[in-house]
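Below: the structure, in structure tokens.
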Amino acid sequence: MAEIAVITVNYGTAELAITAVESVIARTHGGHHVEVHLVDNASPGDDAQTIARTLALRKLEDRVTFHPQAENLGFGRGNNVVLEMLAKRDVPPKYVFLLNPDARLENEAIAILADFLDTHPEAGMVGAAMRKPGADDLVSTAFRFPGLASAFQHAANFGPITRLLKRHVVALPVEERMQKVDWVMGAAVMARFEAWQDQGFFDPSYFLYFEETDLMLQAARAGWECWYVPQARVIHSEGAATGVKSGALSLLRRRKPAYWYRSWRHYYVKNYGRPYALAVAALWMAGAAVNIATSGLRRHQTAVADSLYSDLWAIGIRPLLGLPEGRVKQAV
């Protein structure tokens, strides 16, 4: 029986997904017994056929278990397909490692993370360091849990406010030292199977976004620690799988899909209650107003997402007030 189960969930990136699982197969994992699972989330086009055909041509059918789905389940439920199957075994794996289809192992990351969990029984989750292809600098993969102050700071996106609220910035500074954190990016994270099984795995209410933050918050409340171990390295072609990248102003301004607001709303109501969620929304809008004002004074483009106020009101706030979700144009 495998000690570590690796899960990759694909949607529309068949070739990258194959590269991801091949990067796992190519490693020795320090002697840890690893099994690989690849889920296709009802990708458009012929992704499922491409994956099945490629696995057969490269003689990987006995190394990779393929799980084609009839509908797009989203990230969390896509992983749950495998997690729930593993839970039915007499002896489930000790650890589970999630690897994005647009990511690949740069070193023996799985062995490094598993060895860390072996020697830190209080740790339930551990994340790897990541860099973009061709880049030397690492990107942020370790975070604080979001809240009231972080909502205002992120929306304001204004240097003096960020410095004043630096202890509340969600993305932690990129460091090359091992450290305990609140949560880590789900693109390359290893967890004790029991730590996530005890929480019921991913909450199926999420389609995309906030699902890993929520699961790691539940695990933290149950007493499990989360760590960032930068010795484990992964190359991440950020945005290839989701179409969402960080940093660029044009991407910050891009309109968020409706399911993003639904995930946002569910995360805060589930974990902190409706009054808290409404307070977060108010601070988010206030921060956005600060950004619009300061950007105008400096003759800079605003970093506020397109249609933020109308979308947040229609999809995020109205249901919090007991009203039906409003209709919005273009948001999906």
Side-chain angles (χ1 to χ4, degrees), residues 74-76 140 142-172 181-186 199 202-221 226 242 244 246-247 251-295 302-328 331:
F75 178 76
S140 297
F143 308 94
R144 298 181 177 95
F145 291 125
L148 295 167
S150 65
F152 179 75
Q153 175 276 320
H154 182 75
N157 195 30
F158 183 52
I161 291 175
T162 296
R163 289 189 290 273
L164 180 65
L165 299 175
K166 64 181 180 179
R167 294 174 62 88
H168 300 278
V169 175
V170 172
L172 291 168
V181 299
D182 283 349
W183 64 283
V184 291
M185 187 180 293
Q199 315 317 315
F202 286 99
D203 183 338
S205 298
Y206 297 101
F207 177 74
L208 194 61
Y209 301 109
F210 288 92
E211 60 273 89
E212 72 241 58
T213 314
D214 177 62
L215 180 55
M216 294 184 207
L217 176 58
Q218 306 313 313
R221 288 175 170 175
C226 181
T242 64
V244 176
S246 60
L251 293 166
L252 288 175
R253 290 171 52 87
R254 180 180 295 172
R255 190 175 190 179
K256 299 182 187 300
Y259 56 74
W260 193 98
Y261 290 97
R262 295 183 186 113
S263 292
W264 169 87
R265 185 182 73 220
H266 181 65
Y267 175 82
Y268 282 108
V269 171
K270 173 183 176 179
N271 291 298
Y272 304 103
R274 288 194 179 198
Y276 190 96
L278 285 167
V280 171
L283 286 168
W284 187 4
M285 291 189 293
V290 169
N291 183 264
I292 292 169
T294 56
S295 297
T302 176
V304 176
D306 290 343
S307 303
L308 169 66
Y309 286 104
S310 60
D311 290 348
L312 179 58
W313 164 252
I315 309 167
I317 297 176
R318 282 178 59 92
L320 295 176
L321 299 173
L323 301 172
E325 185 176 297
R327 293 184 178 181
V328 294

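The basis for the numbers below is simple: all heavy atoms, side chains too, and nothing from hydrogens, waters or symmetry mates.
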- Under 3.5 Å donor-acceptor, Arg262 side chain and Tyr206 backbone: no

- Would you please name every residue forming a side-chain contact (heavy atoms from CB on, under 4.5 Å) with Val170, sequence neighbours left out? Phe143, Pro146, Ser150, Trp183

- More than 12 heavy atoms of other residues, nucleotides or ligands under 6.0 Å from CZ of Arg221: is that the case? yes

- Please name all residues satisfying side-chain contact (heavy atoms from CB on, under 4.5 Å) with Phe207, sequence neighbours left out, ordered by chain then number. Asn72, Tyr259

- For the pair Lys270 and Asp203, find out whether any cationic side-chain nitrogen is under 4.0 Å from an anionic carboxylate oxygen. yes

- Working to the nearest 0.5 Å, report the span between OG of Ser307 and CZ of Arg253. 10.5 Å

- Is the gap between the ring centers of Tyr268 and Trp264 under 6.0 Å? yes

- Query: With ring centroids as reference points, do Tyr267 and Tyr209 lie under 6.0 angstrom apart?
  - Reply: no

- Please find out if less than 6.0 Å separates the ring center of His266 from that of Phe210. no

- Task: Apply the side-chain contact (heavy atoms from CB on, under 4.5 Å) test between Ile317 and each candidate in Met285, Arg265, Glu325; give the one that qualifies.
- Result: Met285

- Taking only residues two or more places apart in sequence or in another chain, which ones pass side-chain contact (heavy atoms from CB on, under 4.5 Å) with Ala220? Phe145

- Query: Does Arg255 make a cation-pi contact with Tyr261, if we ask for NZ or CZ under 6.0 Å from the ring centre and within 45° of the axis?
  - Reply: no

